Structure formats: structure tokens, C-alpha cells
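Before any comments, here is the structure.
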There are 2 protein chains.
Amino acid sequence: MAGLARYMAVLRLFNQATPTWTVAEMADALAVPQSTAYRTVRDLLAEGLVEMSSEARYRLGPAFIEFDRLTRLTDPLMQAGSDVLRSVVQEAGVPAVALLCRLYGREVLCIADHVSPDASFSPSYERGRPMPLTQGATSKAILARLPNKRLAKLIGAEALASMRHELAAIRRAGFCLGRGEIDEGLAGIAVPIVCEAEGLVASLSLVVENHRLAGAREERVRALLTSAAAEMERRLLVAGHIQEGSLR
Amino acid sequence: MAGLARYMAVLRLFNQATPTWTVAEMADALAVPQSTAYRTVRDLLAEGLVEMSSEARYRLGPAFIEFDRLTRLTDPLMQAGSDVLRSVVQEAGVPAVALLCRLYGREVLCIADHVSPDASFSPSYERGRPMPLTQGATSKAILARLPNKRLAKLIGAEALASMRHELAAIRRAGFCLGRGEIDEGLAGIAVPIVCEAEGLVASLSLVVENHRLAGAREERVRALLTSAAAEMERRLLVAGHIQEGSLR
DNA sequence: TTCATATTCTCAATTTTTGAGAATTGTGGT
DNA sequence: ACCACAATTCTCAAAAATTGAGAATATGAA
């Protein structure tokens, strides 16, 4: 393991179940000698990517919080999306959680969420959480808008074959509805957001309790999401043009 | 420049004013040949630390969002603090913003914030924003609890000499009040939070409009913050013990 | 197609990293 | 103050990775 990958391998050790590590544990987990692990940790420490916790244990450092803010402030999708999420939740008329998610490697990453004040449930999705590519309305809405070639690379030819019809239907309908696919008792409804110029494929979704999404309300929510997604695409285009204009 | 520093130098180029860079611009800014810059960017790309924006421009990648969530979920200060922030704002009785901030290198980093629903102002501090070490109630409350030796290293002997009396007064009073030091028209009141075991020095602060913080209310808010900070310190201790108990 | 620009590749010289163990630092207990 | 013990840094030659300049390839628009 060389270069950046060596550092990232250490950082990827930290997770919710094991949030702190000793250097000896890291060396063990990565099968490198302790002296090497110490050098790596020292470098990460100097950059604020890890920090010392209680004696001899280390945890992720505050640098991520700083970079996350920059992302929040400068990512075109989030700039276009954060107040759209708020208004979607408000206009939904029922307790709801709005999500903005995007493709991230071989997963789908939630990059922004907004929970209505009266929501008594909370979906698995939340800002920063990666989710599987082939499950849930949120992911499927994204997959449906990906070119077949890229899809095959991402999920494999067999998986693609078994989803082909479902994805075609989503593409035709312009939205995807899933009940209990991710969280028992919750329903998700998602619409895709695409911006070629920025290289973005994403989706906007609303999660509500299953029994609240019936008949006329389903139709209303769908219309709400569709127009919100259109608004976001419009904003992305405008933002892109401004950027190009001012930078070139 | 070698190892991790080489990659971080690229990442530190990205900021709010210049959120996207071409490889040529990076090579220029860092005074390295383009072929080297391309290699570095390729590695960062593979880890999701940068991603391609519109043609030939790159921006910070989504990996930071993922790591930020882990930080949110596992940092003991944030675990202890997020609902304390909420209740402090609620009990303040006036439009307010509560902040949880901590030492981060030679700056103070805001790691959590909570804005009351009726707040019509927003302070410079927000989650992820680093702020100067010697200005504002939030920072001073932290400095006041640092050992002199560490202080001298951080801000220099001269700066320390000129702040010595002020910091001693804060240490005695147990809180720090600043009016308009950071934002015109706003007042900040901060109390320190220290947890030796976790190696943490932080502060909890409330920002309100200047004219709202007078007489009896100042006293009430101070008491509110003091007890909230005590509650957080208690939680940090408990969390620390559980961790030690289960891991060793 | 052709052009122009973005990106990857090649290769020898240079620099960095590696691993094992020794040396040092730091901490708590006596 | 001392010791014992663990955490961390240091040392060194061998091994591996990075560097820089330019050539070679992609990519995309005209």
C-alpha cells in the first residue's frame, strides 16, 4: 500500500462501532509493523485528520468538520437544494423527512436532509450516510437515470438484467415509490435530478409513514417533488453558467 | 513536500472563494509540474476526496460528508452536546444561537450549532468554521482554561502578557461576555468545558442580539450556560468511563 | 476529419518509505 | 526521587515510490 491509500486505510478503520483505536490495534488490523503505523498516525495527527482521545487511543479529527462545511457551502447540489428540502417538507402537509442523495462510488450518499418538526420517526438515511445502490426509492431513481453502460459497470450485468424492467418503468413514470424497502413502516418517494454540465446524478426524496401516503396525497406529493426537482435543475444550470462566465 | 502533506496541500487549496480548480491551476499554485499534479489529483479522486466538476475543473469530494457524519456520531463532545444546545436555546427565552466550539490547532473550531427558530440574525460562527484564537467570548473562555505553558506556545509570549489579566478575570468569573467582538450588534456569552480524560478543552456559548442581554436576563443566561456546561462535563465523564470499562 | 486541450504514460534519477530494533519520552506508583 | 512500564520516536541500509520532462493517448468541439 502506497501514497494516499496508506493514509486512507487508517482513516477507514474508524467507524461507529469502533470509533477509537490504539496504534497497536491499527498496526494489527492493517498488518504493518508498529513503527510504520506510528509514522502514519503522526502525519494524520499533524493534519487534524485524527486526534488523540484518552491515553493512547485515537479518533477521527476535526479537520473533517471543516472540510464538510466547505462542501456544504460550495457544492452546487447543496446550494441549490437546502431550501428546496425545507419547502418540500413544509408543503407535504404530513410529518416527513426530505432527502437529497447522490451517487458516490458504488453506493448512494445522502448529502442533505431536512426533518419536519413534527416527525416522530427517523429514516436510516441521514446526511453523510452511504446506502446500497439497488435498494430503496432514492437509489432506484438515481439508477434509472444512469446510462446502461455505466449501470452495468456499477451493479454488474446480472443485477442489471433483473432490474431492467423496473428501471425502465421508473424512467417512464419519472418517479419511484417504495414501501418498507429500507425502513419498516416508512414509504419513500423519489424523483431524479440530473445536471450534465456538473456531472451530477442525484435524487430528491420524501420519506413519510406508510399509511399517510395513500390516494390523493400520493399524487400531490409526487407533483410537489417533481416541481421541486425541476426547480433544482434550473438552479443548477443557472449556477453553472454564472461560474463559467466569471471564471473563464 | 512529501507523504500526506502533499495531498493536504491540494485539498487546502479549495475554499469558499475558489471552490473549483483545474489541474494546471493547482500545479501553478503549488509550484509542481503538471504531471505530478495530475498524479496527486488522480489519487484524491480515487478516494472521493475530490471529484470532477464541469469539464477539467475539480472540487472537494463527498468523502468529507461521510467522515463528518462519523465525527458527529462518535465525537464525545458532540454526543454530549447536541441536545444540550437545543435546550439552552429553548430556555434562553429570546432569539438565540447556541455554539459548541473547541480548540483546533491555532484556531477555535465551531463543531456544533443550534439556531432558535425565531432567530433573524446569524453569527459568523457555524459548524465547521474556524475562528481566531484571541477574539470573542467563545475563544477566550477556552484560552482561560488552558495551562500557561500551552497558551504561550499557541499565541506567543507577548500576546499572552497582554491578555493575562483578562484571562485571569474570566477564570475567576467562570464565564466570558463579549459584545460586538465578532459580529456587530451581537453579544456572546461563553462558559468553558473541560474534560481531562478525553483531552478536551471547549466552550459552550450563546449568541443573542446585544440589546437583549441586559440586567436580570444576563444573569439568567449565565446561570443557564453554567449548569448546561456542568451537565456536559458530567456526560463526558460518564461516557469516558463506559468506554474504558468496555474496551479494556 | 482536425485541432486543441486534458490526461496518462515512460523511464532513469532522486527521494521517501520501510522494518527491526534501540533509544527516548512520559506516566503513575512507591 | 526513583523505578517500571508503556507509548512514541529515532536510526539505518534496503526496498519501493515519487519525480520531472516530454512523448503518447484520450477526449471533445469545430
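Letters A, B, ... mirror the listed sequences (proteins, then strands); counts begin at 1. Since we're looking at a predicted model, the values are computed, not measured.
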Reading nucleotides 15-30 of chain D from the 5' end, what letters show protein touch, with B for base, S for backbone sugar-phosphate only, - for no heavy atom under 4.0 Å? --SSBBBB--------
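If you take CD of Gln34(A) and P of dA6(D), they are 12 Å apart, rounded to a whole angstrom. As a whole-Å value, the separation of Leu44(B) CG from dT7(C) C1' is 16 Å.
When the side chain to side chain donor-acceptor pair (under 3.5 Å) test is applied to Asp83(A), the partners found at least two apart in sequence or on another chain are Arg235(A). Listed by chain and number, the residues in a ring-ring contact (aromatic ring centres under 6.0 Å, His included) with Phe67(B) are Phe64(A) (sequence neighbours excluded).
Distances shorter than 4.0 Å separate some side-chain N or O of Tyr38(B) from OP1 or OP2 on dT7(C).
Side-chain proximity of Arg42(A) to the nucleotides dC10(D), dT7(C), dT8(D) is greatest for dC10(D).
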Please list, one pair per line, the donor and acceptor atoms closer than 3.5 Å that link side chains of residues 34-41 of chain B to other protein atoms, with sequence neighbours excluded.
from     : atom 1 : to       : atom 2 : distance (Å)
Thr40(B) : OG1    : Thr36(B) : O      : 3.0

Could you list the donor-acceptor pairs under 3.5 angstrom formed by side chains in residues 149-172 of chain A, with sequence neighbours left out?
from      : atom 1 : to        : atom 2 : distance (Å)
Ser162(A) : OG     : Ala159(A) : O      : 2.9
Glu166(A) : OE2    : Lys140(A) : NZ     : 2.8
Arg171(A) : NE     : Ala144(A) : O      : 2.6
Arg171(A) : NH2    : Ala144(A) : O      : 3.4

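Using a 4.5 Å heavy-atom threshold, the side chains of Leu133(A) and Glu107(A) count as separate.
The side-chain hydrogen bond (donor to acceptor under 3.5 Å, both in side chains) pairs that include a residue from residues 63-75 of chain B are Arg12(A)-Glu66(B), Tyr104(A)-Glu66(B), Glu126(A)-Arg69(B), Asp68(B)-Arg72(B), Asp68(B)-Arg127(B), where partners are two or more places apart or lie in different chains.
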